[in-house]
A.B. asks: 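Sharing a structure, written as structure tokens. Questions coming.
Every chain is numbered from 1, with letters handed out A, B, ... down the list of sequences.
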There are 2 protein chains.
Amino acid sequence: MSVTMRDVALLAGVSNKTVSNVVNDHPHVHPTTRARVQQAIADLGYRPNLSARGLRSGRTGVIGLAVPELRQPYFAELADAVIAAAERRHLSVIIGQAGADREHEMAVLTRGLRQTDGLLFSPEHLGTEDRGLLGDVEYPLVLLGERIFGGPSDHVTMHNVEGARAAVEHLLGLGRRRIAVVGAHPDRRTGQLRPSDLRVQGYREALDSAGVPQERRLERAVAPWHPENGADAMRELLDSGLEFDGVLALNDSLGIGVLRALGKAGRRVPDDVAVIGFDNIADGRFTTPSLSSVDPGRDEIAETAVAMLVERIESGSGAPRAPRLHKAAFHIVARESTGGHDEEPLRHGATGEPAEG
Amino acid sequence: MSVTMRDVALLAGVSNKTVSNVVNDHPHVHPTTRARVQQAIADLGYRPNLSARGLRSGRTGVIGLAVPELRQPYFAELADAVIAAAERRHLSVIIGQAGADREHEMAVLTRGLRQTDGLLFSPEHLGTEDRGLLGDVEYPLVLLGERIFGGPSDHVTMHNVEGARAAVEHLLGLGRRRIAVVGAHPDRRTGQLRPSDLRVQGYREALDSAGVPQERRLERAVAPWHPENGADAMRELLDSGLEFDGVLALNDSLGIGVLRALGKAGRRVPDDVAVIGFDNIADGRFTTPSLSSVDPGRDEIAETAVAMLVERIESGSGAPRAPRLHKAAFHIVARESTGGHDEEPLRHGATGEPAEG
DNA sequence: GTGAAAGCGCTAACAT
DNA sequence: ATGTTAGCGCTTTCAC
């Protein structure tokens, strides 16, 4: 029924091996032979059976990406970038959503994603205490995010501390002194390296360097990082009667909720309260006012993570090199919510009245 | 190096076949034998080689999902739902982004996604004129969206005409009579069945039924459907001096841009202009004001599409049944942008001050 | 530069 | 209820 390599070989009058050489771009194939084989491939519409190739070679050409939830804009944008980076290397990407609970994440980590050569894993529940699990992982693995540091795996992450610090310095530079932070983790166990803890650390460092006193009641706990929870936290802060003139939202989803709660409460942004988020998701450009943010280098993260994973896959378990850590470059994007002027909107296509036709 | 079925069979003192039966949950295995085999599997940490299974059985257990761009919130939410629906059936999902251009989509359609048993395909560029291509497709295929109607493929889509019509009726019910539509296709060739054309049709039908005259200049062309382009179109409409008191944005991304442009121009929503979008993406709940929308039944679309694809896969080419069409149920979600009161925000987790510890 | 043969790990068909 | 055999389509030796 389907065309096999053997059919191509017969039509081209060569052996299996030669067809394989042509398909895999091996050198040492006579140009004439190559052309004849390619013609036969085209004539028959031959396409290699990837299961057979996978069985024989031990490689599937597929990598896995495990994220908590694809519907969170940050992860959708990350997945977009990972798929693009993988495609450049002729790899496909299977996406798994593991954020439901801890068990789900452990299952993904121990078993990997089916049918893949390696895994990019962005955990939400697993933490440093699960580091031991990583030692047992037998497939190529690159971690995204920072919940599990110091393990035996490659690691690609962002400048959480420095980014948050720069964001607060941006607010301080606007003359704000009573700066709240929204998104701290409700359970502040020590030794955890959650993004929230690292970003709170950057927040505190910035205040300390500027000689601005810290105030614990301005650090608001929120989990998970969804807009509704950001809005709730902001309402609670408003109700508390505490004064504040700046807010660091620990990600943009929270920031969008914060903007909304402020707007509904009649606080003007940025005049009364300046707000900055984190992640620079696309949505932040179209809120009213538009949301300043820390751009964490999403494309660099995706590209580096895929490159590292490919290296691990290609080196096999042969040359066990030391685990690497890469932190992508970040920068502050000042939009209206911190008094920046609106970016000139890029025109991505046609607008106007439709042409009748 | 890795554990094979043979190793398990030897340890359990049974044959390959029995191990296979256990692994695949076949009936007719003695409970005692089954237990012994399962113990051996656990002891050795055996995991089936899916490439081998795929080669032998002709099934990979992986389906493909091709969307224009994952970073568009609608497609991210759709992919989320598709992955969840596939997981319930123990299938994995490879995601491909094909929206770059027409050639890319044709390549995906003719070749499928590698290593998959079938494809869910949501085209952005291919249209009815490419229907012929579908006849040549030899793998199980389910189309999402409505660009290619009347072909030989199964099809899952939404009530574009009816949804848009209901949205406009909602605006008419508020007493609005000068209703603009943002997102018509710039090139209005006839015979096209793009979402934009269908939604514009619903818009016109609603006006006609209410005896409100159509006005072509209130139909604004925008492509692609990104917020910046929605904002541009709204600015142009404002600059044109035309009067209007209602806007149907043909999707929520456009709607978000429309809200922003109206806000910047000092128009109050919904007092001066009522706005409704389409797709009911999560972002619309947190704009200021929140965005009313048409909920197109995303989960139903995903679930139905996966179910149809699985049927096609399992029936093989044996029983070529007639192509099916499924339209998911829709409903109007009235939020602030059409005078609805804000939904009570759902509390999805903890907020408050972090516990020190 | 090309061919012949072996075998990757599994399941389907048939046998018992 | 379990065993035996064959072979899916490819790549990888190893010849020549």
A.B. asks: What is the per-nucleotide protein-contact pattern of nucleotides 6-16 of chain D, from the 5' end, where B denotes a base atom under 4.0 Å from a protein heavy atom, S denotes such proximity for sugar-phosphate atoms only, and - denotes neither?
C.D. replies: BBBBBBB----
A.B. asks: For Glu300(A) and His326(A), does a side-chain donor sit closer than 3.5 Å to a side-chain acceptor?
C.D. replies: yes
A.B. asks: Do Glu103(A) and His125(A) have side-chain N/O donor and acceptor atoms under 3.5 Å apart?
C.D. replies: no
A.B. asks: Quick check on the helix from dG1(C)-dC16(D) to dT16(C)-dA1(D): what's the angle between its two end axes, five base pairs per end, to the nearest 10°?
C.D. replies: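 Computed from the C1' atoms at both ends, the axes differ by 30°.
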A.B. asks: Check this for me, if you would: do Asp80(A) and Arg298(A) make a salt bridge, where the nitrogen-to-carboxylate-oxygen distance has to be below 4.0 angstrom?
C.D. replies: no
A.B. asks: Arg56(A): which residues meet the side chain to side chain contact (heavy atoms under 4.5 Å, CB included) condition with it, sequence neighbours left out?
C.D. replies: none
A.B. asks: Applying side chain to side chain contact (heavy atoms under 4.5 Å, CB included), name anything that partners Asn21(B), two or more places apart in sequence or on another chain.
C.D. replies: Lys17(B), His26(B), Val29(B)
A.B. asks: Under 4.0 Å between a side-chain N/O of Thr18(A) and OP1 or OP2 of dG1(C), yes or no?
C.D. replies: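 No, outside the criterion.
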A.B. asks: Hydrogens and angles aside, do Ser20(B) and Asn24(B) bring a side-chain donor and acceptor to less than 3.5 Å of each other?
C.D. replies: yes
A.B. asks: Residues two or more places apart in sequence or in another chain: which of them pass side chain to side chain contact (heavy atoms under 4.5 Å, CB included) with Asn49(B)?
C.D. replies: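 Residues passing side chain to side chain contact (heavy atoms under 4.5 Å, CB included) with Asn49(B): Leu55(A), Ser51(B), Ala52(B).
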A.B. asks: What residues form a side chain to side chain contact (heavy atoms under 4.5 Å, CB included) with Glu138(B), not counting sequence neighbours?
C.D. replies: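 Glu138(B) satisfies side chain to side chain contact (heavy atoms under 4.5 Å, CB included) with no other residue.
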